[in-house]
Amino acid sequence: MVKPEIMQEILQGLFSIDQDTTVPKNVRIRIKKAISILEAGGETSISIKIDRSLQELGDLAEDPILPQYTRMQIWSVVSLLESK
C-alpha cells in the first residue's frame with residue numbers, strides 16, 4: 001500500500017511536469033494519462049494503477065528532446081512509483 005503522502009508527492013511531481021510549458025506536448029499528454037490512471041476511482045487496485053502509470057512513464061525519460069531537468073523529475077517520480 002502506498003502511503004497517502006507518497007502518492008501526493010508523486011502526483012505533485014507529475015502536475016509540475018504537466019504545467020511546464022517547455023515540456024514537449026507528447027510528453028505532457030503521457031503525463032496527463034499517468035495522472036488520470038493514478039487518480040481513477042473504482043475497484044482497480046493501487047498496484048495495478050502504479051504499473052499502468054509506470055508503463056506510460058517508462059520511455060519518456062529517454063526522449064532525446066526532453067529537457068534534462070524534466071528527465072530528472074520523471075526519474076524521481078518513477079523511482080517513487082517503483083518503491084511502492
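No experiment lies behind these values; they were computed from the predicted model shown. Note: hydrogens, waters and symmetry copies are ignored here, and every other heavy atom, side chains too, is used.
- Between R71 and D63, the closest heavy-atom pair is NH2-O, 2.6 Å.
- With rounding to the nearest 0.5 angstrom, the NZ atom of K3 is 12.5 Å from the CD1 atom of I10.
- Residues near I65 contribute nothing to a hydrophobic cluster around it, because no ILVMFWY side-chain heavy atom sits closer than 4.5 Å to its side chain.
- Considering V27, I31, T70 in turn, T70 is the only one that fulfils the side-chain contact (heavy atoms from CB on, under 4.5 Å) rule with D20.
- Across all non-hydrogen atoms, the minimal contact from P24 to P67 is CD-CD, 4.2 Å.
- Cluster membership check: L54 shares its hydrophobic cluster with I46, using side-chain heavy-atom separations under 4.5 Å among Ile, Leu, Val, Met, Phe, Trp and Tyr.
- Looking at every heavy atom in both residues, V23 comes nearest to R28 through O-NH1, 2.9 Å.
- Atom CG of L14 and atom OG of S16 lie 9.0 Å apart (nearest 0.5 Å).
- Side-chain atoms of Q55 and R52 include no donor-acceptor pair closer than 3.5 Å.
- Contact of the I29 side chain with the K33 side chain is not registered, since no non-hydrogen atoms from C-beta on lie closer than 4.5 Å.
- Taking 4.5 Å as the limit, some side-chain heavy atom of I50 sits within range of a side-chain heavy atom of L38.
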Start with the C-alpha distance between E39 and L11, add both sets of side-chain angles, then the distance that settles side chain to side chain contact (heavy atoms under 4.5 Å, CB included), and finish with yes or no. CA-CA 9 Å; E39 289 184 325; L11 289 172; 4.2 Å; yes
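- The structure places NZ of K25 at 8.5 Å from NZ of K32, a figure rounded to the nearest 0.5 Å.
- Using a 4.5 Å cut-off between side-chain heavy atoms of Ile, Leu, Val, Met, Phe, Trp and Tyr, with links allowed through other members, I35 and I6 fall into the same hydrophobic cluster.
- Residues E56 and I37 have side chains in contact (heavy-atom distance under 4.5 Å, counting atoms from C-beta outward).
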Please list, one pair per line, the donor and acceptor atoms closer than 3.5 Å that link side chains of residues 74-82 to other protein atoms, with sequence neighbours excluded.
none

